[in-house]
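Here the structure is laid out as structure tokens; the discussion comes afterwards.
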Amino acid sequence: MERINIEPLTEEQFAPFGEVIDLNKAENFEINNGMCTRFNDLATVELGGKDARPLVNVFRGKPYDLPLHLKMVERHPLGSQAFIPMTKRPFLVIVAPDTDGVPGTPLAFLTKPGQGINIGQNVWHGVLTTLGEVSDFVVVDRGGRGENLEEYFFDEGYLVDFAD
Ligand SMILES: NC(=O)N[C@@H](O)C(=O)O
Ligand code: NI
């Protein structure tokens with residue numbers, strides 16, 4: 001089975017697939033008489049299709065073991081999907097390029113503690129992959145009419161782990 005090594009998440013490498021949400025780099029300013037810092041406009045919410053509206057959700061992810069046998073990636077043709085961790089725990093992000101409607105070789109990234117991601121509309125990705133312990137994420141994605149989930153099951157799949 002082909003192996004995929006997990007790399008540190010960088011804006012550059014993730015740029016073709018979406019945005020990295022990092023409060024250390026985000027636009028921010030003081031509000032409420034200096035009692036609050038607003039980290040502003042962290043990601044672009046993409047909403048396509050009929051009656052589209054943003055959904056604000058919490059996903060409580062159970063931890064996966066490594067090595068991970070990646071059997072499937074999915075995409076959301078009608079909208080983006082942002083994952084913002086509610087705890088400062090790294091998680092695994094898997095994305096893949098599209099080649100004529102079929103995912104190419106996936107890439108695997110490990111976030112820094114507290115970093116989130118916004119996966120672009122119609123971008124192939126692995127489902128939320130939590131590591132270590134059950135973790136909550138704020139997830140902002142698209143609601144409305146139409147089918148917003150396309151799944152692709154690999155013949156053999158990939159073994160995802162840290163390099164030896
Ligand atoms: N199914 C669902 O809402 N979650 C997936 O889209 C995912 O990317 O985790
Ligand atoms: Ni998804």
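As the structure lists them, so they are numbered: ligands from 1, and atoms in each ligand from 1.
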The protein N, O or S atoms lying under 2.8 Å from the Ni ion (ligand 2) are E74 OE2, H76 NE2, Q81 OE1, H125 NE2
By side-chain hydrogen bond (donor to acceptor under 3.5 Å, both in side chains) - contacts of R53 (at least two apart): none
Would you call the rings of F109 and F14 parallel, tilted or perpendicular, where under 30° means parallel and over 60° means perpendicular? perpendicular
Should F137 and F91 be marked as a ring pair (Phe, Tyr, Trp, His ring centres under 6.0 Å) after you check the CA-CA gap, both sets of side-chain angles, and the distance that decides it? CA-CA 10 Å; F137 293 75; F91 64 104; 4.8 Å; yes
Atom CZ of residue position R60 - does it have more than 12 heavy atoms of other residues, nucleotides or ligands inside 6.0 Å? no
N/O pairs closer than 3.5 Å, ligand 1 and protein:
residue  : atom  : partner : partner atom : Å
ligand 1 : 6 (O) : E74     : OE2          : 2.5
ligand 1 : 6 (O) : H76     : NE2          : 2.9
ligand 1 : 6 (O) : Q81     : OE1          : 3.1
ligand 1 : 6 (O) : Q81     : NE2          : 3.1
ligand 1 : 8 (O) : E74     : OE2          : 3.0
ligand 1 : 8 (O) : Q81     : OE1          : 2.9
ligand 1 : 8 (O) : H125    : NE2          : 3.1
ligand 1 : 9 (O) : L128    : N            : 2.9

On a heavy-atom basis, the closest approach of G104 and A96 is O-CB, 3.7 Å
Answer yes if L107 and L131 sit in the same cluster of Ile, Leu, Val, Met, Phe, Trp and Tyr residues linked by side chain heavy atoms under 4.5 Å apart, and no otherwise. no
Report the residue from R142, E46, Q121, H76 that forms a side-chain hydrogen bond (donor to acceptor under 3.5 Å, both in side chains) with Q81. H76
In terms of side-chain heavy atoms, does E74 have a donor or acceptor partner in H125 at a distance below 3.5 Å? yes
Sequence neighbours excluded, the answer for side-chain contact (heavy atoms from CB on, under 4.5 Å) partners of V138 is V56, I84, M86, V140
